[in-house]
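Read through the structure below, which is laid out as structure tokens, and then see the notes.
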Amino acid sequence: AQSVAQPEDQVNVAEGNPLTVKCTYSVSGNPYLFWYVQYPNRGLQFLLKYITGDNLVKGSYGFEAEFNKSQTSFHLKKPSALVSDSALYFCAVRDPGSGNTPLVFGKGTRLSVIA
Amino acid sequence: DAGVIQSPRHEVTEMGQEVTLRCKPISGHNSLFWYRQTMMRGLELLIYFNNNVPIDDSGMPEDRFSAKMPNASFSTLKIQPSEPRDSAVYFCASSRPGQGPVNEQFFGPGTRLTVL
């Protein structure tokens with residue numbers, strides 16, 4: 001069965017510092033991996049995805065994520081955090097052999113960027 | 001593109017009442033997903049449809065919950081009778097056909113349901 005784990009419920013970062021939100025996955029074969037962000041009282045917004053190719057994926061709002069097959073990880077990163085990045089972040093996975101099935105989401109990590 | 005549209009945005013009702021949540025997916029999308037989000041359980045998949053056909057409803061918590069998709073542009077999630085523990089934010093999402101697993105899901109703004 002496919003799954004993702006987000007080991008941190010909460011991440012606190014000072015504004016201007018680099019941020020990392022961690023995600024590890026479990027899936028048979030090569031995974032399709034996604035990151036979403038949820039701002040207060042809003043729906044989830046797509047940030048980026050890894051399908052194949054370059055292990056470093058760039059997405060919206062200056063975010064990027066690095067796919068590491070040996071560590072089964074897909075950590076979300078940003079070189080310089082903004083207060084406006086404070087939100088709930090979800091990692092998700094889909095087995096490539098599963099067709100257009102629902103994404104499997106992690107429990108989410110709350111990011112707080114402190115001015 | 002208007003995005004996924006959900007209505008109502010907020011619903012407050014009393015225990016025992018019927019609640020109907022509505023969703024209009026993005027035009028051209030052929031997969032639709034209903035999720036529920038609570039502090040305790042996080043984001044839970046309730047049911048999803050492909051081409052208007054329910055594929056997996058194993059996430060529907062009880063028989064009190066039902067979902068329909070009568071056509072490609074409309075879906076409903078009904079709770080009858082509602083209970084206080086149903087209080088949550090309900091999200092609808094859709095995704096487009098074609099490349100299948102590579103497609104991301106687009107989420108609506110959600111319906112915040114409070115059952116008193």
Side-chain angles (χ1 to χ4, degrees), chain A residues 1-10 23 25 27-53 57 59-60 63 65 67 74 87-110, chain B residues 1-7 9-10 21 23 25-26 28-51 53-60 67 89-112:
Chain A
Q2 53 196 323
S3 65
V4 290
Q6 295 182 244
E8 302 156 316
D9 291 336
Q10 174 90 33
C23 172
Y25 66 88
V27 67
S28 57
N30 295 318
Y32 294 159
L33 295 158
F34 303 76
W35 274 103
Y36 282 78
V37 60
Q38 185 181 26
Y39 297 103
N41 301 313
R42 303 286 294 276
L44 279 70
Q45 296 179 34
F46 170 73
L47 275 179
L48 52 82
K49 64 183 176 183
Y50 171 81
I51 303 301
T52 187
V57 179
S60 306
F63 283 93
F67 172 65
F74 189 55
L88 188 58
Y89 289 81
F90 291 93
C91 182
V93 68
R94 184 189 276 133
D95 187 319
S98 60
N100 202 11
T101 54
L103 293 172
V104 176
F105 286 90
K107 292 186 176 182
T109 297
R110 188 165 299 281
Chain B
D1 197 330
V4 176
I5 298 172
Q6 292 187 248
S7 64
R9 292 295 308 277
H10 302 273
L21 311 181
C23 175
I26 293 173
H29 285 195
N30 72 333
S31 293
L32 184 140
F33 313 86
W34 281 101
Y35 290 86
R36 178 173 69 175
Q37 186 179 37
T38 61
M39 289 290 291
M40 292 295 294
R41 296 185 175 183
L43 196 62
E44 302 174 277
L45 176 70
L46 300 177
I47 185 172
Y48 80 97
F49 298 81
N50 279 346
N51 297 316
V53 176
I55 303 300
D56 184 357
D57 65 353
S58 60
M60 297 285 260
V89 181
Y90 290 80
F91 289 103
C92 177
S94 69
S95 66
R96 56 183 177 269
Q99 296 179 314
V102 310
N103 293 334
E104 60 269 28
Q105 294 173 193
F106 294 83
F107 282 76
T111 295
R112 183 174 295 277

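Predicted model only: the values in this text are computed from it and were never measured. Proteins come first, then strands; the chains are lettered A, B, ... in the order of their sequence lines, and each starts at number 1. As a basis for the values below, the full set of heavy atoms in this structure was taken, side chains included, without hydrogen atoms, waters or symmetry mates.
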Determine, step by step, whether B/L43 and A/L44 satisfy the side chain to side chain contact (heavy atoms under 4.5 Å, CB included) criterion, reporting the C-alpha distance in whole Å, the side-chain angles of both residues, the deciding distance to 0.1 Å, and the verdict. CA-CA 10 Å; B/L43 196 62; A/L44 279 70; 3.8 Å; yes
How long is the gap from CD on B/E104 to CG on A/L47, to the nearest 0.5 Å? 11.0 Å
Using heavy-atom distances under 4.5 Å, tell me whether B/R9 contacts chain A through its side chain, its backbone, both, or neither. side chain
With a 4.5 Å limit on heavy-atom distance, are the side chains of B/Y35 and A/F105 in contact? yes
Tell me, do B/Q105 and A/R94 make a side-chain contact under 4.5 Å, heavy atoms counted? yes
Within this structure, what is the CG-OH distance for the pair B/N103 and A/Y32, rounded to the nearest 0.5 Å? 10.0 Å
For A/Q38, which atoms come within 4.5 Å of any heavy atom of chain B: side chain, backbone, both, or neither? side chain
At a 4.5 Å cut-off on heavy atoms, which part of A/Y36 comes close to chain B: side chain, backbone, both, or neither? side chain
Scanning both residues in full, the closest heavy-atom pair of A/L88 with B/Q37 reads CD2-NE2, 4.0 Å
